[in-house]
Amino acid sequence: METGGTQVYAYWKRGEGLVVSVHLDTGEVPSDLISPAGTITLRITVNGEEIFLAD
């Protein structure tokens, strides 16, 4: 899937489960996505239910 200059790949990997890989067109994370702590918030939902959240 590609949106907003970001490509996201999701695939099953034997022994690891679901792998999600994010690739940015510029190779750099836009500064507005980086929190003051230097992290990027990640939220994963499955069928509308949040199953993972990391700040």
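When each of I44, V46, T45 is tested with F52 by the rule side-chain contact (heavy atoms from CB on, under 4.5 Å), just one qualifies, namely I44.
Dense packing is recorded around CG of D32, with more than 12 heavy atoms of other residues, nucleotides or ligands lying under 6.0 Å away. Atom CD of E2 sits in a crowded spot, with more than 12 heavy atoms from other residues, nucleotides or ligands closer than 6.0 Å.
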Below 3.5 Å, can you tabulate the donor-acceptor pairs from side chains in residues 6-24 to any protein atom, sequence neighbours excluded?
| unit_1 | atom_1 | unit_2 | atom_2 | d |
| --- | --- | --- | --- | --- |
| Q7 | OE1 | Y9 | OH | 2.8 |
| S21 | OG | H23 | NE2 | 2.8 |

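Apart from L53 itself, the hydrophobic cluster it occupies contains nothing, where clustering links Ile, Leu, Val, Met, Phe, Trp and Tyr at side-chain heavy-atom distances under 4.5 Å.
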